[in-house]
Amino acid sequence: MNPVTVITGGSRGIGAATARRLARAGHHIAFSYQRDRAAADTVLAELHATGTTAVAVPVDTRDPDQIATLFAAAADLGDLTGLVNNAGVTSPIGPFVDLDPTDLRHVVDVNLIGYILAAQQAARQMPAGGAIVNISSAAATLGSPGEYVHYAAVKAGTDALTIGLAKELAPRGIRVNAVAPGIIRTDIHTLSGQPDRPEQTAPRIPLGRPGEPDEIAAAITWLLGPDASYTTGTILRVSGGL
Ligand code: NAP
């Protein structure tokens with residue numbers, strides 16, 4: 001039986017790299033995208049080229065009904081074995097006092113409410129042996145002063161969600177972990193108003209460079225797989241030392 005994994009935000013960046021890697025490892029995949037249908041179609045074609053079964057579903061993860069649609073599409077592929085809670089946004093970089101309440105709500109709604117709603121669906125549907133990986137951020141412990149403290153606070157919430165859910169679902173044989181990336185080369189930095197942020201920050205990253213999405217996908221794949229069978233409630237930092 002092939003594993004069946006749901007990935008939120010699989011059309012670009014870390015989610016797309018994870019979809020590609022999991023497809024190569026034999027997973028059947030249901031991934032969501034929000035706006036970028038063309039990007040989703042490109043990823044879908046790459047997944048199909050590996051011979052795996054995959055579907056792309058347009059979903060705003062802030063909406064519980066749309067999340068239910070994504071999990072229904074996954075159920076058509078077989079028993080759910082994995083969730084990668086990944087769809088996330090930032091907002092313009094700047095001082096805390098200038099934070100726009102609309103941007104604040106968007107970050108909370110997508111990165112926290114959306115994660116909780118997707119984890120709830122997974123917890124309802126997943127049999128023993130399943131695994132959830134939440135994508136957090138090194139920001140949760142760095143705090144991101146002068147940049148986006150609200151985003152860092154929400155990512156700390158992701159870590160708390162991971163720890164609590166790991167304990168609650170352990171008796172059912174479901175593992176829950178998080179990956180906390182550092183600065184990774186994706187389009188998310190355009191949203192923060194600094195598309196070249198990965199290059200700009202390289203000098204303060206101990207390994208001297210930003211990470212690549214596939215380096216995060218590798219950690220996610222390990223946490224979903226049998227080699228991580230005794231790992232739950234862990235926040236795995238993949239940040240080049242940041
Ligand atoms: P990205 O390249 O901007 O991709 C974001 C993905 O999320 C896209 O597939 C996007 O779909 C989807 N998405 C956004 N809002 C959504 C919504 N409301 N409903 C459903 N899907 C939505 O981002 P990324 O850099 O890969 O980030 C992935 C995760 O890693 C996020 O949780 C982020 O906070 C975290 N992270 C990233 C970094 C980094 O440096 N890149 C560092 C630490 C943590 P559409 O394009 O179709 O809208």
Side-chain angles (χ1 to χ4, degrees), residues 3-11 13-15 18-19 22 27-34 55 57-75 77-89 105-137 139-140 151-181 216-217 219-225 228-229 231-237:
V4 174
T5 301
V6 166
I7 304 171
T8 63
S11 54
I14 292 167
T18 303
L22 291 178
H27 288 235
H28 291 171
I29 291 166
F31 75 84
S32 75
Y33 64 97
Q34 189 189 19
V55 289
V57 186
V59 169
D60 185 333
T61 53
R62 294 171 292 181
D63 179 345
D65 293 337
Q66 294 185 41
I67 290 202
T69 305
L70 173 62
F71 280 82
L77 307 181
D79 282 345
L80 182 71
T81 59
L83 164 66
V84 182
N85 233 338
N86 166 79
V89 292
R105 289 225 164 76
H106 191 216
V107 165
V108 173
D109 285 350
V110 178
N111 298 355
L112 188 59
I113 310 262
Y115 274 38
I116 290 174
L117 293 172
Q120 197 180 31
Q121 279 291 338
R124 288 178 181 146
Q125 200 166 314
M126 208 173 246
I132 296 171
V133 177
N134 296 319
I135 309 310
S136 176
S137 172
Y151 170 85
V154 165
K155 289 300 187 182
T158 305
D159 293 354
L161 170 70
T162 302
I163 291 163
L165 208 51
K167 290 175 179 169
E168 183 161 332
L169 298 183
R172 286 178 44 198
I174 296 171
R175 298 180 299 103
V176 185
N177 293 288
V179 173
I216 305 305
I220 296 167
T221 302
W222 178 73
L223 284 170
L224 285 178
S229 56
T231 304
T232 198
T234 290
I235 292 136
L236 178 55
R237 195 177 189 88

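The chain is numbered in sequence order, starting from 1.
When atom types are taken as modelled, the side chain of Asn111 and the backbone of Val89 share a donor-acceptor pair closer than 3.5 angstrom. Asn134 places no side-chain N or O within donor-acceptor distance of the main-chain N or O of Ala178, the cut-off being under 3.5 Å. Between the side chain of Thr221 and the backbone N or O of Leu22 there is no donor-acceptor pair closer than 3.5 Å. No donor-acceptor pair closer than 3.5 Å links the side chain of Asn86 to the backbone N or O of Ile135. Proximity of a side-chain donor or acceptor of Arg175 to a complementary backbone N or O of Leu223 within less than 3.5 Å is detected. When atom types are taken as modelled, the side chain of Thr8 and the backbone of Ala87 share a donor-acceptor pair closer than 3.5 angstrom. A side-chain donor-acceptor contact under 3.5 Å links Asn177 to the backbone of Thr231. Listed for the Gln121 side chain is no donor-acceptor partner under 3.5 Å among the backbone atoms of Ile67. Looking only at distances, no side-chain donor or acceptor of Tyr115 sits under 3.5 Å from a matching main-chain atom of Gly88.
Across all non-hydrogen atoms, the minimal contact from Ile174 to Pro127 is CG1-O, 3.8 Å. Between Pro181 and Ser136 the shortest heavy-atom distance is CD-O, 3.2 Å. Closest heavy-atom contact between Ala73 and Val55: CB-CG2, 4.2 Å. What you find for Gly157 and Leu112 is that their closest heavy atoms are C-CD1, 4.1 Å. Of all heavy-atom pairs spanning Leu77 and Ala30, the tightest one is CD1-N, 4.0 Å. Shortest non-hydrogen contact noted between Asp159 and Ala140 is OD2-CB, 3.5 Å.
A side chain to side chain contact (heavy atoms under 4.5 Å, CB included) with Met126 is found for one member of Thr81, Ile132, Val6 and no other, namely Ile132.
One finds the CG atom of Leu117 at 10.0 Å from the CG atom of Asp65 (value rounded to the nearest 0.5 Å). Taking CG of Leu165 as the reference point, atom CG of Leu169 lies at 4.0 Å (rounded to 0.5 Å). Separation of atoms CG (Leu161) and CD (Glu168) is listed at 10.5 Å; rounding is to 0.5 Å. Of the inter-residue distances, the one linking Asp63 atom CG with Gln34 atom CD reads 10.5 Å to the nearest 0.5 angstrom.
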List the steps, then state whether side-chain contact (heavy atoms from CB on, under 4.5 Å) holds for Ile14 with Val179.
CA-CA 11 Å; Ile14 292 167; Val179 173; over 6 Å; no

Could you walk me through whether Arg62 and Arg105 satisfy the side-chain contact (heavy atoms from CB on, under 4.5 Å) test, starting with their C-alpha distance in whole Å, then the side-chain angles of each, then the deciding distance to 0.1 Å, before giving a yes or no?
CA-CA 11 Å; Arg62 294 171 292 181; Arg105 289 225 164 76; over 6 Å; no

Go through it in stages, so that I can follow the logic: the residues are Thr5 and Leu224, the test is side-chain contact (heavy atoms from CB on, under 4.5 Å), and I'd like the CA-CA distance, side-chain angles, deciding distance and then a yes or no.
CA-CA 9 Å; Thr5 301; Leu224 285 178; 4.1 Å; yes

How far apart are the C-alpha atoms of Val84 and Phe31, what are their side-chain angles, what is the distance that settles it, and do they pass the side-chain contact (heavy atoms from CB on, under 4.5 Å) test?
CA-CA 9 Å; Val84 182; Phe31 75 84; over 6 Å; no

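Side chains of Ile216 and Thr18 form no contact here, defined as non-hydrogen atoms less than 4.5 Å apart.
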